[in-house]
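Here is the structure we will look at.
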Amino acid sequence: SRWSSGAYNFFFLIILCLFKICKIAGTSKKEMIVHIDCGRGWRGGQSQALYLTRGLKEEGFEVSLICQKGSPLWQKAKDAGIEVFPLKMTFEFDPLSIFKISKILKRKKARILHFHDSHSATLGILASLLQPVPIKISARKVDFSVKGNPFRKWKYDKLVSAVIAVSNGVKEVLIKDGIPESKIYTIYEGTDLSKFQIEGTKEEWKEKLGLSRDKFIAGIVAHLAHHKGHIYLIEAAKILKEKGANIEILVIGDGELKDFLVSKTKELEVDDIVKFLGFRNDIPYLLKAIDLFVLSSYLEGLCTSLLDAMASKLPIVATRTGGIPEAVEDGVNGILVPPRAPSALASAIYHLYSNRNLLIQMGERGYQRVKRLFSVEIMIENTLSLYNKLLKDKGFEPLSF
């Protein structure tokens with residue numbers, strides 16, 4: 001043979017090296033990322049968990065999601081082809097869930113563990129005591145103080161690698177409560193702009209959805225909970241009715257306050273103009289039909305429904321609280337009013353009701369703003385950048401994207 005054994009060995013070594021290089025290149029994007037979300041319903045937090053896990057999967061990363069068995073998130077994630085581990089996570093310190101999560105972490109060899117709510121963080125942190133994970137990240141999506149809950153404060157301060165605040169408003173509350181600023185990273189929530197590119201006029205969609213074509217329609221999309229401030233919007237409706245405004249207010253969403261709020265509309269004699277639509281799956285079409293989006297919260301992290309409304313080119317009337325002013329520029333793409341102030345809320349709504357050209361201008365400016373700062377793509381990119389920083393700090397190779 002013209003080839004010596006040494007040449008054969010050299011040739012074999014080259015092939016082996018090429019195989020190793022190809023294997024590394026083929027798996028360079030694979031990182032064991034596990035997300036946990038304890039939500040049982042479908043709200044903004046669950047939509048963000050789906051956007052992020054689906055985006056990571058599409059980028060080629062190995063990502064898994066632990067969520068409530070039978071929940072809307074479980075079904076939607078399954079439909080998106082995401083690896084889902086459904087669990088019945090009963091309460092924050094559920095020992096069976098903690099054990100099951102630790103088994104999943106071991107099976108997936110998780111390197112990054114990302115929590116989407118406070119209960120998820122508790123369960124995941126305790127599970128990681130049984131099966132250690134180098135990097136643990138907790139999202140903070142509300143601007144409620146953690147000062148009154150020593151365990152929660154300790155959790156964000158000592159037990160996670162980083163906290164993602166969905167707005168600078170949330171970040172400021174955490175810093176005020178004693179969480180080190182160095183651990184907090186603001187990453188805005190994102191919306192899928194493509195979902196809101198809907199053909200047709202407002203009048204056409206009002207008719208399709210059984211709404212009044214000739215009425216000015218304002219709408220709020222929010223869970224019926226105290227901090228969303230629906231009661232102040234109902235009180236504002238009474239003022240608008242007394243002004244003679246040809247207006248209808250749609251309350252979209254469900255929650256524990258529904259019976260109370262419905263009774264309040266009857267008490268204030270505005271049940272003819274305030275309509276409760278309950279939970280809806282056709283939000284993009286409803287946003288296409290309405291003229292103005294209203295958010296009456298007195299506490300708010302950021303609010304994904306607000307971003308959806310901006311993606312729908314709607315002007316905004318909202319309260320100056322939490323992260324809302326980071327999305328709504330007063331006088332530019334909406335009007336900001338003090339929280340818990342029905343008269344100010346009514347005045348702002350009436351001002352835009354009376355200035356239809358301003359409505360269109362503000363809606364277009366809001367669309368440009370959400371496209372620039374609050375898209376799903378930007379949220380995913382910023383989250384990946386944080387993952388890489390934390391991996392680098394721990395001495396791991398960064399993700400490629």
Side-chain angles (χ1 to χ4, degrees), residues 24 27-38 45 48-67 82-85 87 89 97-141 146 151-166 170-171 174 179-190 379-401:
I24 291 168
T27 59
S28 62
K29 283 188 139 187
K30 289 188 177 294
E31 202 66 46
M32 309 306 178
I33 308 168
V34 176
H35 290 252
I36 310 179
D37 185 285
C38 281
Q48 294 302 301
L50 181 63
Y51 283 149
L52 183 53
T53 50
R54 185 173 62 196
L56 291 171
K57 182 180 183 295
E58 289 171 354
E59 289 287 337
F61 299 106
E62 188 168 324
V63 60
S64 302
L65 173 65
I66 301 170
C67 62
I82 297 162
E83 182 180 43
V84 188
F85 293 94
L87 294 182
M89 295 174 277
S97 296
I98 292 165
F99 177 73
K100 287 181 176 179
I101 291 169
S102 73
K103 297 299 248 183
I104 295 168
L105 299 179
K106 183 177 181 180
R107 173 180 164 185
K108 299 309 300 180
K109 298 181 174 64
R111 186 168 289 178
I112 298 172
L113 189 51
H114 189 143
F115 316 119
H116 287 269
D117 56 78
S118 182
H119 285 196
S120 298
T122 300
L123 292 170
I125 288 166
L126 294 175
S128 70
L129 297 177
L130 301 174
Q131 179 59 43
V133 178
I135 294 165
K136 295 180 284 291
I137 302 167
S138 187
R140 186 69 179 166
K141 302 180 181 183
V146 299
F151 175 74
R152 188 168 292 172
K153 182 180 176 185
W154 185 50
K155 179 167 61 179
Y156 294 126
D157 187 2
K158 305 295 184 185
L159 301 181
V160 296
S161 312
V163 180
I164 293 176
V166 299
V170 172
K171 181 177 181 178
L174 290 169
I179 310 302
E181 186 174 359
S182 60
K183 294 192 76 166
I184 309 168
Y185 300 83
T186 299
I187 298 178
Y188 290 131
E189 293 175 306
M379 181 268 288
I380 292 169
E381 182 181 334
N382 290 339
T383 304
L384 282 169
S385 294
L386 175 58
Y387 287 174
N388 272 341
K389 180 192 181 303
L390 298 173
L391 285 167
K392 184 179 177 182
D393 291 347
K394 291 282 188 179
F396 295 111
E397 286 294 313
L399 305 169
S400 59
F401 62 97

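Worth knowing before you read on, the calculation uses all heavy atoms, side chains too, and leaves out hydrogens, waters and symmetry mates.
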Handout entry: Over all atoms of both residues, closest heavy-atom pair of Phe115 and Ser120
Key = CD2-O, 3.5 Å

Practice task
Flag the pair Leu123 / Cys38 as yes when at least one side-chain heavy-atom distance between them is below 4.5 Å, and no otherwise.
Solution key: yes

Problem - Reported CG-to-OH distance for the pair Leu399 and Tyr387, which is rounded to 0.5 angstrom - result: 9.0 Å

Exercise for the section: Kindly indicate whether the side chain of Glu83, heavy atoms from C-beta on, has any atom under 4.5 Å from the side chain of Ser64. Expected result: yes

Practice task
Using a 4.5 Å cut-off on heavy atoms from C-beta on, say whether the side chain of Asp37 contacts that of Asp117.
Solution key: yes

Problem - Side chain to side chain, Leu391 and Ile112, heavy atoms closer than 4.5 Å - result: yes

Handout entry: Straight-line distance of Ile380 CD1 to Arg54 CZ, nearest 0.5 Å
Key = 8.0 Å

Completion exercise
Taking every heavy atom of Met379 against every heavy atom of Leu52, the minimum-distance pair comes out as SD-CD1, 4.0 Å

Problem - CD1 on Ile66 to NZ on Lys100, rounded to 0.5 Å - result: 11.5 Å

Handout entry: Distance (rounded to the nearest 0.5 Å) between Glu381 CD and Leu386 CG
Key = 13.0 Å

Problem - Atom of Pro134, atom of Lys394 and distance for their closest heavy-atom approach - result: O-CE, 3.3 Å

Handout entry: Six-ring centre of Tyr156, Arg140 cation under 6.0 angstrom, axis tolerance 45°
Key = no

Handout entry: Closest approach of Lys141 to Gly45 (non-hydrogen atoms, all atoms of both residues)
Key = NZ-O, 3.4 Å

Problem - Side-chain touch Phe61/Leu384, heavy atoms, less than 4.5 angstrom - result: yes

Problem - Side-chain heavy-atom pair Leu130, Ile101 within 4.5 angstrom cut-off - result: no

Fill in the blank from the handout: Sequence neighbours excluded, the answer for side-chain hydrogen bond (donor to acceptor under 3.5 Å, both in side chains) partners of Ser138 is none

Problem - Lys106, Lys108, Lys109 screened by side-chain contact (heavy atoms from CB on, under 4.5 Å) with Gln131, the one that passes - result: Lys106

Practice task
Over 60° means perpendicular and under 30° means parallel, so classify the ring planes of His35 and His114, tilted if in between.
Solution key: parallel

Problem - Which atom of Lys155 lies closest to which atom of Ala121, heavy atoms considered - result: CD-CB, 3.9 Å

Completion exercise
When rounded to the nearest 0.5 Å, the distance separating CG of Leu159 from CD1 of Ile125 is 5.0 Å

Exercise for the section: Measure the CD1-OG distance between Ile135 and Ser128 for me, rounded to the nearest 0.5 Å. Expected result: 12.5 Å

Problem - More than 12 heavy atoms of other groups within 6.0 Å of Phe151 CZ - result: yes

Exercise for the section: State which residues pass side-chain hydrogen bond (donor to acceptor under 3.5 Å, both in side chains) with Thr186; sequence neighbours excluded, sorted by chain then number. Expected result: Asn168

